Asker: 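Sending over a structure as C-alpha cells; questions will come in a sec.
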Number of protein chains: 2
Amino acid sequence: MDSSKSKELEERLREAGLRVTATRVEVYEFLRELGGHHSVDDIFKALTERGHKIPRMTVYNVVTDLEGVGLLMCADAGPGRALYEVADVWHHHYVCRVCGTIFDVPCLVGEKPCLTPPGTLPGSVDEAQVIFRGVCRDCSGSEKGVNE
Amino acid sequence: MDSSKSKELEERLREAGLRVTATRVEVYEFLRELGGHHSVDDIFKALTERGHKIPRMTVYNVVTDLEGVGLLMCADAGPGRALYEVADVWHHHYVCRVCGTIFDVPCLVGEKPCLTPPGTLPGSVDEAQVIFRGVCRDCSGSEKGVNE
DNA sequence: GTTCTATTTTGATTATGTCAAATGTGTTCG
DNA sequence: CGAACACATTTGACATAATCAAAATAGAAC
C-alpha cells in the first residue's frame, strides 16, 4: 500500500535523471502521508522532530527538484512563503480570510489548463490556477477570535 | 485631471475613518501614476529616489491601510513578496514562467466574484482570483537567456 | 493655538530564501 | 566487488521580506 507509491516515486525520479536518495523519499512521503499544504519550514521542523536531522537548505533543494519533476507542486495561495503539496490531480484553492486555512477545491476539468483564457493573452498558457477567497464556515459562525 | 482622483482618495480615506496624510497620498499617487504591480521595496526605493525620505516600515503601514480600505489590492502572482496595485477594475494576472513579468488579464465579468464556484465550497466566496501561467511572446522567441 | 489620538518613525527581531564551496553518497562501469 | 565520477547534501554566511514595540510626530477637532 506504500511500496507501490514508493516504486512510482523511484521511477519518476530515475526517468527525470534524478537520483533516488533517502532525503527525497522522506520529504515526498511526508507530504503525501500528511497531505495538505506545507512550507519548507514546516517540512524541516517536522522531519527534524521525527529524528531526521536534515538541513533547511536541503529541504529547499529537494522540493525544488521534486517540483521540477512534477512530483510536487507549489500551491498558489497568495503572497508569502511557498507552500508545497503532492502533485496529484489538478485542483484549485480556497483561502479563508479570517483563519487563513487553505482548502483544496476540485477542478471541474481536472487538468491544466482548465480555464479558457479570456480573449487574447500575452503568450501561451499551460496553467490556470484559481484562488477563491472568503470566510469559511468555522469562522463565519464565531466571527472574530480565530486569528484576529 | 489629477485633483479629481485626489479628492476621491481623500474622501475614501475619511469615510473609512483614516486620516489624510502626505505619505498615504504619495504612495497611492505613485502606484496610480506608474501603474503595474510593485513590492513594498519598489515603492520605498522609488519614493526615496524622488527625494521623499520615507522609512520602509511606513510603506508597509500605508499599503496595509490602503488595502484595508479597498484603495489598493494585493496582486496574486504566486508566492514571494506581496505586490500591490491600485484597485480599479477587477482583473486577473498572467505570469511568464521565464521572465516573471506580470500582465493584467481583463476579467470577462469585471467584478468579484467572477467565477461560479464548482460545487460546494467550505464557506462563502467573495473573490475568485485567477493566475494564468505560461511563456510570454518575448520569451518564447528567444527561449533561453532572458532569465535563465 | 491646544489637545487628543492616529500615524510615522526608529531600531531590533523574526521569517524566508539564496549563494558558494566543501563534503558525502548513488550509480555505473571495469 | 570496488573504484571513480557526477550528482546530492551539508555547512555557514548572506540577502531579502516582513513584523513588533515603543517613542516621536503630526492630523483634526475644539
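Keep in mind that this is a model prediction, so the values were computed, not measured. Below, each value reflects all heavy atoms present in this structure, side chains not excepted, and no hydrogens, waters or symmetry copies. Within every chain, numbering begins at 1; the chains are lettered A, B, ... in the order of the sequence lines, protein sequences first and strands thereafter.
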Asker: Using distance alone, with no hydrogens and no angle criterion, decide if A:His37 and A:Asp104 have a side-chain donor and acceptor under 3.5 Å apart.
Answerer: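 On atom types as modelled, these side chains qualify, holding a pair under 3.5 Å.
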Asker: With rounding to the nearest 0.5 angstrom, report the NE2 to CD distance, A:His93 to A:Glu85.
Answerer: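 The distance works out to 4.0 Å.
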Asker: List for me each residue that meets salt bridge (charged side-chain N to carboxylate O under 4.0 Å, His left out) alongside A:Glu127, sequence neighbours excluded, and say none if there are none.
Answerer: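 Counting only residues at least two positions away or on another chain, A:Glu127 forms a salt bridge (charged side-chain N to carboxylate O under 4.0 Å, His left out) with A:Lys112, B:Arg97, B:Arg133.
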Asker: What's the shortest heavy-atom distance between B:Pro106 and B:His91, and which atoms?
Answerer: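 Minimum heavy-atom contact is CA-CB, 4.3 Å.
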Asker: I need the A:Thr58 OG1 to A:His52 NE2 distance, nearest 0.5 Å.
Answerer: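 So the gap between those two atoms works out to 13.5 Å.
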Asker: Angle between the two end axes of the helix from C:dG1-D:dC30 to C:dG30-D:dC1, five base pairs per end, rounded to 10 degrees?
Answerer: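 Nearest ten degrees gives 30° for this helix.
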Asker: A:Ile43 and A:Leu31: side-chain contact (heavy atoms from CB on, under 4.5 Å), yes or no, with the steps?
Answerer: CA-CA 8 Å; A:Ile43 302 170; A:Leu31 283 173; 4.1 Å; yes
Asker: Could you tell me which residues satisfy ring-ring contact (aromatic ring centres under 6.0 Å, His included) with B:Phe30, sequence neighbours excluded, listed by chain and number?
Answerer: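 For B:Phe30, the residues satisfying ring-ring contact (aromatic ring centres under 6.0 Å, His included) (neighbours in sequence not counted) are B:His38.
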Asker: Got a sec, which residues hit side-chain hydrogen bond (donor to acceptor under 3.5 Å, both in side chains) with A:Arg12, two or more places apart in sequence or on another chain?
Answerer: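 If we apply the side-chain hydrogen bond (donor to acceptor under 3.5 Å, both in side chains) test to A:Arg12, skipping adjacent residues, there are no hits.
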Asker: Given 3.5 Å as the limit, does a donor-acceptor pair link the side chain of B:Tyr94 with the main chain of A:Ser124, or not?
Answerer: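 Checking the backbone N and O of A:Ser124 against the side chain of B:Tyr94, a donor-acceptor pair under 3.5 Å is found.
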Asker: Can you sort out the partners of B:Tyr60 under ring-ring contact (aromatic ring centres under 6.0 Å, His included), two or more places apart, ordered by chain and number?
Answerer: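 Listed in chain order: nothing, the list is empty.
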Asker: Without placing hydrogens or testing angles, list every side-chain donor-acceptor pair under 3.5 Å for residues 14-21 of chain A, not counting sequence neighbours.
Answerer:
{"from": "A:Arg14", "atom 1": "NH2", "to": "A:Glu10", "atom 2": "OE1", "distance (Å)": "3.3"}
{"from": "A:Thr21", "atom 1": "OG1", "to": "A:Arg24", "atom 2": "N", "distance (Å)": "3.4"}

Asker: Go through residues 50-65 of chain A and report each residue with a non-hydrogen atom lying under 4.0 Å from DNA chain C, sorted by number.
Answerer: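 The stretch gives A:Arg56, A:Met57, A:Tyr60 as the residues lying under 4.0 Å from the strand, ordered by number.
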Asker: Going 5' to 3' along DNA chain D, between which two nucleotides do contacts with chain B fall, using a heavy-atom cut-off of 4.0 Å?
Answerer: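 Range of nucleotides within reach of chain B: D:dA17 to D:dA28.
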Asker: Among residues 67-75 of chain A, which contact DNA chain C at a heavy-atom distance under 4.0 Å?
Answerer: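 None, since no heavy atom is under 4.0 Å.
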Asker: Report the residues that fulfil ring-ring contact (aromatic ring centres under 6.0 Å, His included) with A:Phe44, sequence neighbours left out, ordered by chain and then residue number.
Answerer: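 For A:Phe44, no residue satisfies ring-ring contact (aromatic ring centres under 6.0 Å, His included) once neighbours in sequence are set aside.
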Asker: Quick one: does B:Asp65's side chain have a donor or acceptor within less than 3.5 Å of a partner on B:Val62's backbone?
Answerer: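 No, B:Asp65 side chain to B:Val62 backbone: no donor-acceptor pair under 3.5 Å.
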Asker: Side chains of A:Leu13 and A:Leu66, heavy atoms from C-beta outward: is any pair under 4.5 Å?
Answerer: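 When only atoms from C-beta onward are counted, A:Leu66 and A:Leu13 do touch, with a gap below 4.5 Å.
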Asker: What's the spacing between A:Tyr84 OH and A:Leu72 CG if we round to 0.5 Å?
Answerer: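 The CG atom of A:Leu72 is 8.5 Å from OH of A:Tyr84, to the nearest 0.5 Å.
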Asker: A side-chain contact here means heavy atoms from C-beta on lying under 4.5 Å apart; do A:Leu83 and A:Ser39 qualify?
Answerer: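 With C-beta onward as the side chain, the pair touches.
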Asker: Anything under 4.0 Å to a heavy atom of chain A counts; send over the first and last such nucleotide of DNA chain C, read 5' to 3'.
Answerer: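 Nucleotide range with atoms under 4.0 Å of chain A: C:dT16 to C:dT27.
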Asker: Do side-chain atoms of A:Arg137 reach the backbone of B:Leu121 as a donor and acceptor pair under 3.5 angstrom?
Answerer: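 Side chain of A:Arg137 to backbone of B:Leu121, a donor-acceptor pair under 3.5 Å: yes, one is there.
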Asker: Among residues 14-26 of chain B, which ones have heavy-atom contacts with DNA chain C below 4.0 Å?
Answerer: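 B:Leu18, B:Arg19, B:Thr21, B:Thr23, B:Arg24, in order of number.
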